[in-house]
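Right, one structure below, let's go through it.
When a ligand or atom number is given, it counts from 1 through the structure's own listing order. None of the values given here were measured: they were computed from a predicted structure.
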Amino acid sequence: MTEHGQLLAELGLNVPLHDELSRATERSFQRTIGAQQNRPKAMAYFDGVLHGAHGGRIAELVAARAAGRKVVGTFCVYVPEEIALAVDAIPIALCGGSQFTVPYAEKTFPRDICPLVKSTLGMAFAKICPYGPILDYTVGETTCDVKKKTWEILADDTFHVMEVPQKKEAIDVELWRKAVREFRDKMEQLTGKKVRTERLAESVRVMNDKRRALQRLTELRKADPPPISGLDALAVMQGALNDEPVRFTQNLDRLNAELVERAAAGVSPFKQGTKRIMVSGCPSVMGNWKVHHLIEAAGAAIVVDESCTGTRYFENLVGDAAQDLDAQLAAIADRYLKINCSCFTPNSERLDDVKRLARDFRVDGVVQYVLQYCHTYNVEAIRVDAALKAAGIPSLKIVTDYSEEDSGQLRTRIEAFLEQLG
Ligand code: BJ8
């Protein structure tokens with residue numbers, strides 16, 4: 001039994017099976033993140049966040065609930081965290097990145113749906129998700145089809161679905177602002193507290209500080225060689241979706257300070273002139289290090305991620321709004337609607353983002369990362385590829401799941417792509 005086995009048992013989890021999951025995750029961690037050389041010292045904190053996601057963080061959330069706070073599970077970066085924080089609720093991302101739990105979902109759900117959804121569901125179905133028993137409320141959203149249809153099955157009184165529009169016309173802006181106000185109402189009902197302007201301004205500040213620190217980390221990756229690997233930057237981002245935000249930002253500030261020194265001294269896991277890659281597409285959530293590891297093990301450096309475990313999570317700040325609740329909520333809604341997810345149509349802004357990031361980070365090539373059966377990113381890859389081609393930037397599309405079965409084949413394709421970059 002692991003250190004927190006007693007707690008997991010009290011939460012009603014299948015502890016022996018959870019121990020198996022922990023061992024599988026640890027093996028994967030050691031083979032990827034843990035196998036890297038010359039890592040920043042401050043990464044120790046973020047390694048701890050990953051390791052504590054099913055241990056220390058759970059104990060912390062249990063204690064917070066005992067003190068009267070509510071825990072709110074989410075599945076998408078479209079859910080405005082600052083509104084939950086303004087009523088003392090704790091938003092937590094629930095998306096699964098482990099192959100271990102996928103077969104448990106496939107017993108009842110179709111095999112041919114995206115691995116992120118299967119991994120998440122499998123975690124709950126196998127009774128090894130420690131977040132399930134401590135959730136007070138869950139928020140889904142109308143983004144991709146598999147999520148929308150899954151919410152219909154999971155929905156109950158403690159499950160709310162936010163309506164994310166499909167376009168970004170004036171009518172959609174109104175619809176989304178209404179959805180954000182409705183989310184505010186749900187958070188107030190859940191906690192019995194009112195969202196007030198001062199508290200909301202404070203939680204906007206907390207979230208904007210966190211975004212600024214993530215932006216700073218990303219800026220530092222512009223150096224040649226970058227002072228941090230793409231795999232470590234991904235680990236930081238994965239932690240961002242789980243950790244307490246103020247503590248996370250303090251530790252990220254520490255990491256950023258170390259990276260400034262490393263960049264000045266030319267300290268890096270890579271040699272100068274290492275091929276620079278952007279990963280673009282689906283998110284890589286906690287437990288999923290597969291493609292980042294393959295790219296960097298093949299000798300390239302990932303210098304930027306255009307994904308929801310990358311720039312889409314932190315690129316835009318919530319604008320300053322007068323101390324007026326409606327204006328604050330509108331500013332929050334407007335910030336989130338700038339996230340260019342492939343669930344939107346026509347989503348030309350994402351093509352602009354990809355080209356801009358490729359240019360700013362001086363990438364040699366782009367790996368389009370598509371999770372199997374994620375139709376929106378898979379089809380949109382055609383337009384992304386064409387936009388990159390027009391800008392003279394080579395790209396490689398990888399469609400994969402969480403299993404290791406295709407690793408050999410992917411390695412060969414990635415190596416061939418890097419060779420083609422010269
Ligand atoms: S804003 S990317 S977090 S929806 S990978 S479940 S899209 S089939 S995760 Fe996402 Fe929000 Fe968009 Fe970002 Fe569906 Fe695709 Fe699976 Fe996905």
Between [X] and [Y], is the ring centroid distance below 6.0 Å?
{"X": "Tyr45", "Y": "Phe248", "result": "no"}
{"X": "Phe75", "Y": "Trp151", "result": "yes"}
{"X": "Tyr78", "Y": "Phe344", "result": "yes"}

Heavy-atom nearest neighbour in the protein, as seen from [atom], with distance rounded to 0.1 Å:
{"atom": "atom 9 (S) of ligand 1", "answer": "Pro283 CG, 3.6 Å"}
{"atom": "atom 10 (Fe) of ligand 1", "answer": "Lys147 NZ, 4.0 Å"}
{"atom": "atom 16 (Fe) of ligand 1", "answer": "Cys114 SG, 2.4 Å"}
{"atom": "atom 11 (Fe) of ligand 1", "answer": "Cys76 SG, 2.3 Å"}
{"atom": "atom 2 (S) of ligand 1", "answer": "Tyr377 OH, 3.3 Å"}
{"atom": "atom 13 (Fe) of ligand 1", "answer": "Cys308 SG, 2.3 Å"}
{"atom": "atom 15 (Fe) of ligand 1", "answer": "Cys374 SG, 2.3 Å"}

I want to check something: taking the side chain as every heavy atom from C-beta on, are Leu418 and Glu415 in contact at a cut-off of under 4.5 Å?
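A side-chain contact is absent here, since even the closest heavy-atom pair is not under 4.5 Å.
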Just wondering, more than 12 heavy atoms not from Ile171 lying within 6.0 Å of its CD1?
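Open.
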Does Glu405, at its CD atom, have more than 12 non-hydrogen atoms belonging to other residues, nucleotides or ligands within less than 6.0 Å?
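No.
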I need the minimum non-hydrogen distance between Arg211 and Val318, along with the two atoms involved.
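Result for this residue pair: NH1-CG2, 3.7 Å.
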Contact flag Cys341/atom 12 (Fe) of ligand 1, N/O/S atoms, threshold under 2.8 Å
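Yes, Cys341 qualifies, because one of its backbone or side-chain N, O or S atoms lies under 2.8 Å.
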Aromatic ring pairing His160/Tyr137, orientation class (parallel under 30°, perpendicular over 60°, tilted between):
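Rings of His160 and Tyr137: parallel, as their planes differ by under 30°.
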Check Cys144 against ligand 1 and report side chain, backbone, both or neither, counting heavy atoms closer than 4.0 Å.
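Side chain only.
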For Val117, the ligand 1 atoms whose distance to one of its heavy atoms is below 4.0 Å
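Here the atoms of ligand 1 in question are 6 (S).
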Looking at Thr143, which atoms of ligand 1 are within less than 4.0 Å of one of its heavy atoms?
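Reading through ligand 1 atom by atom, the close ones are 4 (S).
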